[in-house]
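Just so it is clear: chains get the letters A, B, ... in the order the sequence lines come, proteins before strands, and each one is counted from 1.
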2 protein chains.
Amino acid sequence: MPVAPLFRPIDVAPAYQKVADAIEREIVNGRIKPGDPIGTEHDLVRQFGVNRSTIREGIRVLEEGGLIRRDSSRRLHACLPRYSKLASRLSRALVLHEVTFRELYEASMTLEVASIEGAVERATDDNLAELDDNLVRSEAVVGDPARLAECDAEFHVLVAKASQNRVLQLAREPAAQLFYPTTEMIVTGVAEGGPRLVAAHRHLIDAIRYRDREAGVLWTRRHLQDWRRGFEKIASLDRSVEHMYMEHAQAARRR
Amino acid sequence: MPVAPLFRPIDVAPAYQKVADAIEREIVNGRIKPGDPIGTEHDLVRQFGVNRSTIREGIRVLEEGGLIRRDSSRRLHACLPRYSKLASRLSRALVLHEVTFRELYEASMTLEVASIEGAVERATDDNLAELDDNLVRSEAVVGDPARLAECDAEFHVLVAKASQNRVLQLAREPAAQLFYPTTEMIVTGVAEGGPRLVAAHRHLIDAIRYRDREAGVLWTRRHLQDWRRGFEKIASLDRSVEHMYMEHAQAARRR
DNA sequence: TTTTGTCCCTTTGTCCGACAAAGTTAAAGC
DNA sequence: GCTTTAACTTTGTCGGACAAAGGGACAAAA
């Protein structure tokens, strides 16, 4: 028969973890602000009273979590985690879980429709200017599938940004990162793929500009359906998406 | 005046990063499967021909990314990244970006509605059994806000699981993790909060069981609106959500 | 005045060797 | 056969070391 609990579990995390936790706490509760320097490794050695190897392991943890980074001169400072970096962890996880194309498509439909609805409602002139600029660049590379795919990815990021909802922005990113590499394949494989894509973007920008929600949703749906039809030509919907990641990971490494 | 760029930056990743990349590649492309042992640090020292400190820094990177973990005996093995762990990185990021309650609420509305739609369409008997079980446990703790909040969080995870869409499951998680701690406050602060919450869950399970999409969407909306009304009593919608994270992070540490 | 070369100091990335604590394995004892 | 004990292994941490690269200051050159 278990005795009544008298003691709480002791915190027995390894030292490098405690170092990481301590710095994380200072950043999250705002005592260290994004951009603030963290100090040199030697400083941290002195402050925490542990070995430099231990400090360095703690730094790796925070760096991977996107809370701190090294600037050009390799000095440490706090920073706001970048969505795209965090999202790439998630994309990787989705690949490892062998999600199917259907899952990806359905979720993206939901998320992109929500994005456009938000954008129609709340886009600013600045947002529209960015979208217009993207459209011009897209038109210029309509014959170059790789570049066009890049513009397409950026376009949808801009739409999400125009929705003024960062939770949504972040939620759609992992799926979008998996989409992106296949766009290129589809633009290549489908006749009139490029022009159709650019035309859809134009309609979407119009919908945002004139705050026409119906049109926005309609063209988002069409845009994604086009993309799906392109995909169906090269694979089945139940197929998992592992090859998408391979392309994406390579691109990320080149960056 | 800057000259036109002639050379691309050379790839000079530090050794610990290369170690991490190499192991990640083997895991992602499937040569190392989830559960497979990675070998001891000494093994890796031999294989990569670098110092153990370097290996350990690489391990921290992978560990933080959720690709490898140490089992009870601290041996390294590959594993499938856990959504909830990755999502907590994102929650943290959302807090640091100081997202407002409005952003969180809107995105959650979208994601939870999509979840229930998927669940209504595709839930299995197993999913329903899990939901029923959750309901029973919720009813048992309806007077205990902390436990009830825990059950509520689990309930929505189960609904998302029933949608059979892992992309959606993952996309909703970061927002849900921020929701969770406030549920407790709301159940405490709002009269009849607990019973209303359980009643909504009951309706949602019915909707899933009888594949009644309308009812599912309706009750999800109501459920979230209830939650929002509770929140409005204690703060404004434009308020950012930092306090939610503090609670959540503490809970995570206790785990 | 702006660029280039040089010197010095700091910081990072990496290496080596070491050791206590905790876990594992295998032998010894009942 | 089961438990205890005694090696052995592995991890977490430590101390010190060194080369390479960055930053700053300053003088020489264009």
Side-chain angles (χ1 to χ4, degrees), chain A residues 7 9-24 26-27 32 35-79 85 253, chain B residues 1-24 26-27 32 35-79 253:
Chain A
F7 300 109
I10 311 176
D11 178 19
V12 284
Y16 69 87
Q17 188 67 55
K18 288 186 177 177
V19 168
D21 286 349
I23 298 176
E24 169 181 346
E26 295 305 288
I27 295 177
I32 300 177
D36 286 357
I38 303 292
T40 68
E41 296 179 1
H42 190 55
D43 289 338
L44 296 174
V45 166
R46 271 198 303 267
Q47 294 182 52
F48 286 103
V50 297
N51 193 270
R52 191 157 76 98
S53 309
T54 305
I55 293 290
R56 283 176 64 82
E57 289 189 39
I59 287 174
R60 292 297 154 251
V61 172
L62 295 170
E63 222 171 21
E64 185 66 8
L67 279 183
I68 69 178
R69 35 191 331 190
R70 312 196 94 108
D71 60 19
S72 61
S73 74
R74 296 187 183 166
R75 265 191 261 278
L76 290 170
H77 55 84
C79 65
K85 186 188 170 188
R253 262 191 285 277
Chain B
M1 176 177 153
V3 296
L6 189 53
F7 300 109
R8 310 219 111 275
I10 312 174
D11 174 27
V12 282
Y16 70 86
Q17 188 66 56
K18 289 186 177 174
V19 167
D21 285 349
I23 297 176
E24 169 182 343
E26 295 306 289
I27 294 176
I32 299 177
D36 285 358
I38 303 291
T40 68
E41 296 178 1
H42 189 56
D43 288 339
L44 296 174
V45 167
R46 272 198 303 268
Q47 294 182 52
F48 287 103
V50 297
N51 191 271
R52 192 157 77 96
S53 308
T54 306
I55 294 290
R56 282 176 65 83
E57 289 190 39
I59 286 174
R60 291 298 155 247
V61 172
L62 294 170
E63 223 172 21
E64 186 65 8
L67 278 183
I68 69 178
R69 38 191 327 191
R70 312 196 96 109
D71 60 22
S72 60
S73 75
R74 297 189 182 164
R75 264 193 262 275
L76 290 169
H77 56 84
C79 66
R253 262 192 284 277

For B/N51 and C/dT14, is the shortest distance between a side-chain N/O and OP1 or OP2 below 4.0 Å? no
Check whether the side chain of B/R52 and the base of D/dT13 form a donor-acceptor pair under 3.5 Å. yes
In whole angstrom, give the distance that lies between atom CD of A/Q17 and atom P of D/dT11. 17 Å
B/H77 NE2 to D/dT10 P, in whole Å, measures 16 Å
How long is the span from the CZ atom in A/R56 to the CD atom in A/E63, to the nearest 0.5 Å? 9.0 Å
For atom CZ of A/R46 and atom C1' of C/dT11, their distance in whole Å: 12 Å
From C-beta outward on B/R75, which listed nucleotide comes closest to its side chain: C/dG13, C/dT24, C/dC15? C/dT24
Looking only at side-chain atoms of B/S73, point me to the closest of C/dT14, C/dC15, C/dT24. C/dT24
Taking CD1 from B/I55 and P from C/dT14, how many angstroms apart are they, rounded to a whole number? 11 Å
So, A/K18 and A/D21, do they make that salt bridge, N to O below 4.0 Å? no
Sub-4.5 Å side-chain heavy-atom contact between B/H77 and B/D71: yes
Note: for A/R74 and A/S53 on DNA chain D, the residue whose nearest nucleotide lies more 5' is A/S53
Go through the steps for A/R70 and A/E41 under the test salt bridge (charged side-chain N to carboxylate O under 4.0 Å, His left out), then give the verdict. CA-CA 12 Å; A/R70 312 196 94 108; A/E41 296 179 1; 3.3 Å; yes
Taking CG from A/L76 and C1' from C/dT11, how many angstroms apart are they, rounded to a whole number? 10 Å
Integer-rounded Å distance: D/dG12 P and B/H42 NE2: 16 Å
With nearest nucleotide decided by heavy atoms, which residue, B/T40 or A/V50, maps closer to the 5′ end of DNA chain D? B/T40
Just wondering, do B/I55 and B/V19 contact through their side chains at under 4.5 Å, heavy atoms? yes
Separation of B/R69 atom CZ from D/dT11 atom C1', in whole Å? 18 Å
Expressed in angstrom and rounded to an integer, what is the separation of A/L44 atom CG from C/dG13 atom C1'? 16 Å
Given C/dG13, D/dG12, D/dT13, the nucleotide with the shortest approach to the side chain of A/E41: C/dG13
Select one nucleotide: of D/dG12, C/dT12, D/dC14, the one nearest the side-chain heavy atoms of B/R56. D/dG12
